[in-house]
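We use all heavy atoms of the structure for the numbers below, so side chains are in, but hydrogens, waters and symmetry mates are not.
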Amino acid sequence: MSSFHATNPNPFSLTPDTPSHTATDIDDFSKTETAAVSYLQAMAAQLNTSPCKKYPTTSSLAKGEIFNPSGKLPTVCYTTAVKTDKESLTAFIVAEKREENDEQINANHIVRLEVTKLPFPENGDEPEYDREFFNSIITKTMSPEVSIVASVPCKIRKKEVKSNRIRGFKWGLVVLTKVTTNETRVQFYSRFDICGGMKLSDKLTKISDDLALEFASRPTGWQEHFQVICSKIS
């Protein structure tokens with residue numbers, strides 16, 4: 001069984017047993033946003049105060065840690081530095097996976113549907129259903145030096161899953177800390193569940209782990225993007 005699957009999905013996820021909440025005014029949105037950010041901060045705090053193992057990183061400049069409690073989804077922390085200011089990096093992270101169907105809830109909250117196509121099996125097996133992730137993307141300034149980007153399964157909108165897809169779940173908390181005017185420290189805490197509470201088959205194990213590593217390693221892409229910009233300027 002993959003280390004990125006748990007039989008008891010995270011309680012903040014939207015499952016068939018947990019109907020979505022439809023917000024009716026800005027106060028409802030604010031409560032939902034606060035709950036989402038608090039949940040992810042608790043997720044990060046648990047990793048920071050627990051015994052962790054090293055996690056593979058796609059960059060030698062990054063540090064990876066994983067907290068893997070028995071029977072629960074593991075949490076990964078991917079830490080690195082990006083050569084740009086905090087505000088530019090925050091804007092880039094939010095826009096990086098922008099979709100045409102993004103719904104702007106308010107200035108700091110977007111609802112986004114992402115679809116991940118799974119590779120067609122080469123051994124003649126039946127193809128796996130593609131996965132979709134329906135998330136709220138929330139930004140918040142914690143102080144002049146620290147901002148966050150939070151991503152959680154959406155609870156303020158309900159969206160039916162297409163018959164040829166399975167709803168997966170992913171959680172992410174990006175903590176951006178100003179180092180200098182041109183450098184930002186990034187800590188990316190993440191959890192990933194490709195199956196959305198469904199049983200994970202053996203043939204999905206490698207796919208699940210590869211996708212979880214790709215998700216956890218997003219800061220490397222941000223790093224590379226701004227390195228290219230810096231090289232063009234210099």
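The two residues Leu113 and Glu99 come nearest to each other via the heavy atoms O-CG, 3.4 Å. Pro56 and Tyr78 make their closest contact through O-CE1, 4.4 Å (heavy atoms, listed as atom of the first residue, atom of the second, distance). Contact record, Thr184 with Asp85: OG1-C, 3.3 Å, taken as the closest heavy-atom pair. Of all the heavy atoms in Cys52 and Phe67, the pair that sits closest is SG-CB, 4.0 Å. Closest heavy-atom contact between Thr57 and Gly64: CG2-N, 3.4 Å.
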- prompt: Going through the checks in order, is the side chain to side chain contact (heavy atoms under 4.5 Å, CB included) test met by Phe133 and Val115?
  reply: CA-CA 6 Å; Phe133 302 91; Val115 179; over 6 Å; no
message: Run Asp130 and Lys117 through salt bridge (charged side-chain N to carboxylate O under 4.0 Å, His left out) and show every step you take.
response: CA-CA 5 Å; Asp130 292 336; Lys117 293 188 175 297; 3.5 Å; yes
- request: Give the intermediate values and the outcome of side chain to side chain donor-acceptor pair (under 3.5 Å) for residues Ser217 and Tyr55.
  value: CA-CA 10 Å; Ser217 303; Tyr55 184 77; 5.7 Å; no
message: Go through it in stages, so that I can follow the logic: the residues are His109 and Thr139, the test is side chain to side chain contact (heavy atoms under 4.5 Å, CB included), and I'd like the CA-CA distance, side-chain angles, deciding distance and then a yes or no.
response: CA-CA 7 Å; His109 188 166; Thr139 58; over 6 Å; no
task: Please report the C-alpha distance between Asn135 and Ser151 in whole Å, then the side-chain angles of each, then the deciding distance to 0.1 Å, and finally whether the side chain to side chain donor-acceptor pair (under 3.5 Å) criterion is met.
output: CA-CA 6 Å; Asn135 276 41; Ser151 178; 2.9 Å; yes
task: May I have the step-by-step check of side chain to side chain contact (heavy atoms under 4.5 Å, CB included) for Gln41 and Met142, ending in yes or no?
output: CA-CA 12 Å; Gln41 288 177 317; Met142 309 301 289; 3.4 Å; yes
message: The test is side chain to side chain contact (heavy atoms under 4.5 Å, CB included); show your working for Glu132 and Val161 and say whether it passes.
response: CA-CA 8 Å; Glu132 67 172 45; Val161 183; 3.9 Å; yes
message: Pair Ser147, Lys86 - check side chain to side chain donor-acceptor pair (under 3.5 Å), show working.
response: CA-CA 8 Å; Ser147 296; Lys86 179 171 64 69; 2.8 Å; yes
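The cluster map of Ile, Leu, Val, Met, Phe, Trp and Tyr, joined by side-chain heavy atoms under 4.5 Å apart, puts Val186 and Leu61 in different clusters.
Legend: residues meeting side chain to side chain donor-acceptor pair (under 3.5 Å) with Gln187, ordered by chain and number and at least two apart, are Arg185, Tyr189. With sequence neighbours left out, the ring-ring contact (aromatic ring centres under 6.0 Å, His included) criterion links Phe226 to Phe92. Every residue two or more places apart in sequence or in another chain was checked for a salt bridge (Lys or Arg N to Asp or Glu O under 4.0 Å) with Lys54, and none qualifies. For Ala150, the side-chain contact (heavy atoms from CB on, under 4.5 Å) partners two or more places apart in sequence, or in a different chain, are Val37, Leu40, Ile138, Leu173. Partners of Thr75 according to the side chain to side chain donor-acceptor pair (under 3.5 Å) rule, which considers only residues two or more places apart in sequence or in another chain, are Arg191. Here Ser190 pairs with Val76, Phe188, Phe215, Ala216 under the side-chain contact (heavy atoms from CB on, under 4.5 Å) rule; sequence neighbours left out. For Thr80, the side chain to side chain donor-acceptor pair (under 3.5 Å) partners are Gln223, not counting sequence neighbours. For Thr90, the side chain to side chain donor-acceptor pair (under 3.5 Å) criterion is met by no residue, not counting sequence neighbours. In this structure, the salt bridge (Lys or Arg N to Asp or Glu O under 4.0 Å) partners of Glu96, at least two apart in sequence or on a different chain, are Arg218. Residues satisfying the salt bridge (Lys or Arg N to Asp or Glu O under 4.0 Å) criterion with Glu183, sequence neighbours excluded, are Lys83. Residues passing the salt bridge (Lys or Arg N to Asp or Glu O under 4.0 Å) test with Glu224, sequence neighbours excluded: none.
No side-chain N or O of Ser163 forms a donor-acceptor pair with one of Tyr129 less than 3.5 Å apart. Side-chain contact of Asn48 with Glu65: a donor-acceptor pair under 3.5 Å is absent, judged by distance alone.
Annotation: side chain of Ile110 is in contact with side chain of Arg98 (closest heavy-atom distance under 4.5 Å). A 4.5 Å side-chain heavy-atom check between Ile105 and Arg157 finds at least one atom pair inside the cut-off. Contact of the Arg167 side chain with the Arg131 side chain is not registered, since no non-hydrogen atoms from C-beta on lie closer than 4.5 Å. Residues Val111 and Ile156 are in side-chain contact: their nearest non-hydrogen atoms beyond the backbone lie under 4.5 Å apart.
Between atom NZ of residue Lys155 and atom CZ of residue Phe134 there is a gap of 12.5 Å, rounded to the nearest 0.5 Å. The structure places CD1 of Ile148 at 9.5 Å from CG of Leu176, a figure rounded to the nearest 0.5 Å. Taken from CG in Asp193 to CG in Leu211, the straight-line distance is 12.0 Å, to the nearest 0.5 Å. Note that CH2 of Trp171 and OH of Tyr39 are 7.0 Å apart. Values are rounded to the nearest 0.5 Å.
Without hydrogens or angle criteria, Thr141 side chain to Ser143 main chain gives no donor-acceptor distance under 3.5 Å. Here the side chain of Ser88 pairs no donor or acceptor atom with the backbone of Thr84 at under 3.5 angstrom.
Screening residues 170-179 for salt bridge (Lys or Arg N to Asp or Glu O under 4.0 Å), with sequence neighbours left out, gives Glu114-Lys170.
For the side-chain contact (heavy atoms from CB on, under 4.5 Å) criterion with Val94, the lone passing option out of Asn108, Val149, Leu89 is Val149.
Of the charged side-chain nitrogens involved, at least one lies within less than 4.0 Å of a carboxylate oxygen, so that Arg112 and Asp102 count as a salt-bridged pair.
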